[in-house]
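Values reported hereafter were calculated over all heavy atoms of this structure, with side chains retained and with hydrogens, waters and symmetry mates removed.
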Amino acid sequence: MAEAIPAYLVHLNAMVGGLFLLAAFAVVATRQMLSCLRWFVAQALLLAASASVIGIALGSGRLAAVAVITVFMKALATPWLIRRTVRQELYSRREISQVLNIPTSLLIAVALTLLAYAIMYPVTALDAGPFININLPIGLAGLFLGAYTVAVRREALSQLLGLLAMESGAFFAAVSIASDLPFIAELTVAFDVPVTTLVIGLLTRRIHERVGGTAVGLLAALRER
């Protein structure tokens, strides 16, 4: 099957995967909430690009539909919902507060990426296919970096973007191994993203109105009176 796939599509998907991983590193390294949101959108567009390339190579119309849904739900609907539900000062000029500094975070991000490649080496060594060899380790690395973002960030909105980055990483891996995924499953996963964004965005707005901040650590101090 690998011989029937045009080499230029494999190389194009590899380039998209490299850019996806760079965007994941940028989410970890960025200091501004708005920049973090923009890098998340870039990740979504690159995820759609990978799904499109694999869909063309495998002749899968479902992957083309995944690409369209991803652009609409993650690159367009999610930023719009954040801007509609969260006060502008929370994402436009707010610096992200996190437990570790940026250089340390980048070193940990590199270690997590190497771990992802090590975990997936038994699969990629079997030469399961050019797209699987590219997307699986990169997708797992994206999931790890998203989880790390959730762990070290203190603000609710930045943690939300980390959760969504985790989902993007998992989906980046999935498009290479589940090209025949039923369409209803694709729609279900796609609609989970804006629903999660809406719920957490509204909660973040209400918390900010009542407490004056959105640092998750402050929530432990809240008590029912």
Side-chain angles (χ1 to χ4, degrees), residues 17 19-48 70 73-83 85-87 90-116 119 135 137-174 189-205 207-208 213-220:
L19 293 174
F20 180 90
L21 191 56
L22 284 177
F25 271 86
V27 171
V28 173
T30 187
R31 296 179 178 273
Q32 298 291 331
M33 197 79 75
L34 185 58
S35 296
C36 189
L37 178 59
R38 288 171 177 165
W39 281 115
F40 165 75
V41 171
Q43 265 196 314
L45 294 175
L46 291 165
L47 169 58
T70 299
M73 290 295 184
K74 300 189 74 171
L76 298 176
T78 299
W80 182 81
L81 281 172
I82 289 176
R83 288 185 170 93
T85 57
V86 178
R87 289 181 177 273
L90 292 183
Y91 66 83
S92 59
R93 293 180 296 275
R94 174 71 65 88
E95 269 206 14
I96 295 174
S97 175
Q98 58 185 43
V99 177
L100 300 176
N101 58 33
I102 299 300
T104 303
S105 291
L106 285 175
L107 288 175
I108 294 175
V110 170
L112 290 173
T113 301
L114 294 176
L115 175 63
I119 291 174
N135 283 49
I138 291 177
L140 183 61
L143 191 151
F144 284 170
L145 296 182
Y148 174 75
T149 301
V150 174
V152 300
R153 298 271 168 93
R154 292 172 175 168
E155 297 286 336
L157 183 56
S158 59
Q159 289 186 342
L160 166 63
L161 294 177
L163 287 171
L164 297 180
M166 287 178 63
E167 192 270 344
S168 292
F171 217 62
F172 192 86
V189 173
F191 275 102
D192 279 345
V193 174
V195 169
T196 302
T197 303
L198 178 62
V199 171
I200 296 182
L202 290 173
L203 285 173
T204 301
R205 183 180 184 126
I207 291 169
H208 184 264
T214 59
V216 174
L218 295 176
L219 304 184

Kindly write out the residues that satisfy side-chain contact (heavy atoms from CB on, under 4.5 Å) with L22, not counting sequence neighbours, or none if the list is empty. L19
Check side-chain contact (heavy atoms from CB on, under 4.5 Å) between L140 and all other residues, then give those that pass, not counting sequence neighbours. A116, I119, M120, F144
Note, L100 side chain near Y148 side chain (heavy atom, < 4.5 Å): yes
Report the residues that fulfil side-chain contact (heavy atoms from CB on, under 4.5 Å) with A29, sequence neighbours left out, ordered by chain and then residue number. I102, L106
Closest non-hydrogen atom pair between R153 and V28, with its separation: NH2-O, 3.0 Å
To the nearest 0.5 Å, tell me how far L145 CG sits from T113 OG1. 4.5 Å
Just so I know, are the side chains of F25 and V110 near enough to count as touching, which here means a heavy-atom distance under 4.5 Å? yes
Roughly how far, to the nearest 0.5 Å, is CG of L164 from CD of Q43? 10.0 Å
At their closest point, which heavy atom of A44 faces which heavy atom of A75, and how far apart are they? CB-N, 4.0 Å
Roughly how far apart are L46 CG and T70 OG1, rounded to 0.5 Å? 11.5 Å
Distance-minimising heavy-atom pair for V150 and G162: CG2-C, 3.6 Å
Nearest-0.5 Å distance, CD1 of residue I138 to CZ of residue F20: 8.5 Å
Here the pair of heavy atoms bringing F172 nearest to G17 is CZ-CA, 3.6 Å
Would you say the side-chain atoms of T78 pair up with the backbone N or O of M73, donor to acceptor, closer than 3.5 Å? yes
Would you give the length of the straight line joining atom CG of L37 to atom OG1 of T30, rounded to the nearest 0.5 angstrom? 10.5 Å
Positive for side chain to side chain contact (heavy atoms under 4.5 Å, CB included) with V27, one of C36, S168, S35: C36
